[in-house]
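Since this is a predicted model, take the numbers as computed values, not measurements. Order of the sequence lines fixes the chain letters, A, B, ..., with proteins taken first and strands second; residue numbering starts at 1 for each chain.
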Protein chains: 2
Amino acid sequence: MSDSTDLKRAGLKATLPRLKILGILEEPRARHMTAEDVYKALLDMGEEVGLATVYRVLTQFENAGLVIRHNFEGGRSVFEMNQGGHHDHVVCVECGEVFEFYDPAIEERQRRVAETLGFQVDSHSLYMYGVCLGMKREGKCSKTAAMGTRGAAEPE
Amino acid sequence: MSDSTDLKRAGLKATLPRLKILGILEEPRARHMTAEDVYKALLDMGEEVGLATVYRVLTQFENAGLVIRHNFEGGRSVFEMNQGGHHDHVVCVECGEVFEFYDPAIEERQRRVAETLGFQVDSHSLYMYGVCLGMKREGKCSKTAAMGTRGAAEPE
DNA sequence: TTTTGCATGGGAATCGTTCTGGTTTACACT
DNA sequence: AGTGTAAACCAGAACGATTCCCATGCAAAA
């Protein structure tokens with residue numbers, strides 16, 4: 001219902017596919033999903049939605065600022081809800097887990113660099129790829145580890 | 001000739017396609033190229049090289065550490081020679097120009113964040129997208145502007 | 001409730017990239 | 001220089017992700 005007004009505010013009709021997709025992306029455990037992931041989630045819910053529609057809707061959501069698209073290594077896009085606070089990403093190349101962090105100092109330095117170049121920044125992205133703690137320790141991913149939430153890592 | 005030994009050192013046979021591709025990437029004005037760009041450059045030179053070969057060779061070069069692959073927005077990969085010094089990128093979404101910069105403070109903070117998470121970082125990339133000075137001022141790109149070289153922007 | 005036009009679904013098309021299979025080539029060893 | 005062999009090549013087919021096409025469906029304005 002609130003979703004419905006979210007869509008209207010973005011200039012989009014509140015259609016069933018759009019509401020369903022928004023609902024899926026809003027689930028807390030669904031932080032980072034590919035279009036395929038969203039499509040499968042819809043099928044699991046028994047919804048008859050075409051893959052083309054999923055892509056179309058996700059792109060519309062991106063343009064409307066509702067979701068953020070990331071181009072991780074490997075060439076496929078992943079999407080996450082835009083919940084306001086900007087953050088950067090750490091991706092485990094072994095287990096695929098994605099951690100988020102925000103570092104004000106990094107943001108500030110980026111701003112400075114752009115200023116120096118006379119560059120007007122629309123968006124920026126910082127990705128680190130590597131192996132997460134769980135993989136290093138036990139050879140399995142640390143999806144259950146007590147980190148990976150926004151703002152969890154703020155050194156100093 | 002020196003290219004030939006570069007290849008051997010990387011454990012790759014010094015074949016004509018590889019030498020030609022290396023030669024193209026080494027031209028100073030060819031900083032950031034897609035596989036397609038490289039392919040077209042070869043055709044322009046009158047070389048009979050298949051696109052598949054270009055992709056294969058670029059991937060081999062990447063694995064050998066000779067070139068670096070970037071996943072910019074838009075889903076296509078761009079390649080640049082690995083000239084040793086790590087640097088980050090600023091991309092003008094209007095004219096496509098790519099500027100490079102290096103900020104030790106950002107690097108250090110990244111290292112810290114990874115450490116805090118117990119994450120072993122293999123690679124990292126930082127991209128800023130926006131509009132460059134030339135576009136803002138005159139509506140045309142600033143490819144000829146006196147910046148855009150590595151290390152040009154180091155605030156503070 | 002009727003109208004109107006944007007949204008949908010499914011399949012085909014497209015894009016960038018990788019694989020396949022048969023042929024050619026670089027290079028170590030005569 | 002001559003030759004064997006593994007590696008590299010080419011063209012084209014295959015591939016996965018994404019977008020296009022268009023007849024039909026449906027949200028929302030009248």
Side-chain angles (χ1 to χ4, degrees), chain A residues 1 3-24 32-43 45-64 66-79 96, chain B residues 1 3-24 32-43 45-64 66-79 96:
Chain A
M1 177 179 280
D3 282 356
S4 176
T5 53
D6 284 349
L7 289 174
K8 299 240 181 69
R9 198 177 314 129
L12 299 169
K13 279 188 194 170
T15 64
L16 201 96
R18 300 216 258 234
L19 289 169
K20 290 292 178 188
I21 292 172
L22 203 51
I24 286 170
H32 301 88
M33 303 182 83
T34 64
E36 192 80 29
D37 290 337
V38 173
Y39 178 60
K40 285 197 187 121
L42 285 166
L43 293 189
M45 295 167 72
E47 295 296 333
E48 290 283 324
V49 178
L51 181 55
T53 299
V54 173
Y55 275 105
R56 199 167 345 100
V57 169
L58 285 173
T59 301
Q60 290 161 344
F61 285 2
E62 183 192 9
N63 292 335
L66 290 173
V67 308
I68 296 171
R69 178 198 300 259
H70 297 288
N71 303 289
F72 287 163
E73 282 181 352
R76 69 179 68 184
S77 298
V78 310
F79 300 84
Chain B
M1 177 180 282
D3 283 356
S4 176
T5 53
D6 285 349
L7 289 174
K8 298 243 181 72
R9 198 176 316 127
L12 299 168
K13 280 188 192 172
T15 65
L16 201 96
R18 300 217 256 236
L19 289 169
K20 290 292 178 188
I21 291 173
L22 203 52
I24 287 170
H32 301 87
M33 305 182 83
T34 64
E36 192 80 28
D37 291 337
V38 173
Y39 179 60
K40 285 197 188 121
L42 285 166
L43 293 188
M45 295 167 73
E47 296 296 333
E48 291 284 324
V49 178
L51 181 56
T53 299
V54 173
Y55 276 104
R56 193 164 1 93
V57 168
L58 286 174
T59 302
Q60 289 162 342
F61 284 2
E62 183 193 10
N63 292 335
L66 289 174
V67 308
I68 295 170
R69 177 198 302 258
H70 296 289
N71 303 288
F72 287 165
E73 281 182 354
R76 70 177 70 184
S77 297
V78 309
F79 299 84

| field | Phe79(B) side, atom CZ; Ile68(B) side, atom CD1 - distance, nearest 0.5 Å | value | 11.5 Å
| request: Could you state the atom-to-atom distance from CG of Leu7(B) to P of dT25(C) in whole Å? | output: 18 Å
| Any luck finding a side-chain donor-acceptor pair between Arg69(B) and Thr59(B) under 3.5 Å? | yes
| field | Rounded distance (Å) that lies between atom C1' of dG16(D) and atom CZ of Arg76(B) | value | 17 Å
| said: Without decimals, in angstroms, what is the distance between Glu73(A) CD and dG16(D) P? | reply: 20 Å
| task | Report which part of the nucleic acid Arg56(A) touches: base, sugar-phosphate, or nothing (heavy-atom distance under 4.0 Å, all strands). | result | base
| task | Whole angstrom is fine here: how far is it from CG in Leu43(B) over to P in dC10(D)? | result | 11 Å
| message | Quick check: do Leu12(A) and Arg18(A) have side-chain heavy atoms less than 4.5 Å from each other? | response | yes
| If you look at every strand shown and take non-hydrogen atoms under 4.0 Å, does Ser77(B) touch a base, only sugar-phosphate, or nothing? | sugar-phosphate
| Tyr39(A) OH to dT18(D) C1': how many Å, rounded? | 14 Å
| request: Starting at atom CG of Leu51(A), determine the distance to atom P of dC21(D), rounded to an integer number of angstrom. | output: 17 Å
| query | Base, sugar-phosphate alone, or nothing: which one does Glu36(B) contact when heavy atoms must sit under 4.0 Å apart? | reply | nothing
Please list each protein N or O that sits under 3.5 Å from an N or O in nucleotides 27-30 of chain D, with the distance.
unit_1: dA28(D); atom_1: OP1; unit_2: Ala14(A); atom_2: N; d: 3.2

| note | Considering only heavy side-chain atoms of Arg18(A), the closest of dT18(C), dC15(C), dT8(C) is dT8(C)
| How about Lys20(B) and Leu42(B): do any of their side-chain heavy atoms sit closer than 4.5 Å? | yes
| said: Run the side chain to side chain contact (heavy atoms under 4.5 Å, CB included) test on Glu36(B) and Leu51(B) for me, step by step, so that the C-alpha distance in whole Å, both residues' side-chain angles and the decisive distance to 0.1 Å come before the verdict. | reply: CA-CA 8 Å; Glu36(B) 192 80 28; Leu51(B) 181 56; 4.2 Å; yes
| said: I want to confirm an ordering. Mapping Val78(B) and Val54(A) to their closest nucleotides on DNA chain C, which one lands closer to the 5' end? | reply: Val54(A)
| Heavy-atom closest contact (Ala10(A) atom, Leu66(A) atom, distance) | CB-CD1, 4.4 Å
| request: Quickly work out the Phe61(A) CZ to dA7(C) P distance and round it to whole Å. | output: 11 Å
| message | Measuring from the side chain of Ala52(B) (C-beta onward, heavy atoms only), which nucleotide among dC19(C), dG11(C), dG16(D) has the closest atom? | response | dC19(C)
| field | Gln60(A) CD - dA7(C) C1' separation (whole Å) | value | 8 Å
| said: Counting C-beta onward and ignoring hydrogens, is there a side-chain heavy-atom pair between Ile21(B) and Phe61(B) closer than 4.5 Å? | reply: yes
| said: Please confirm whether the shortest side-chain N or O distance from Tyr55(A) to OP1 or OP2 of dT19(D) is below 4.0 Å. | reply: no
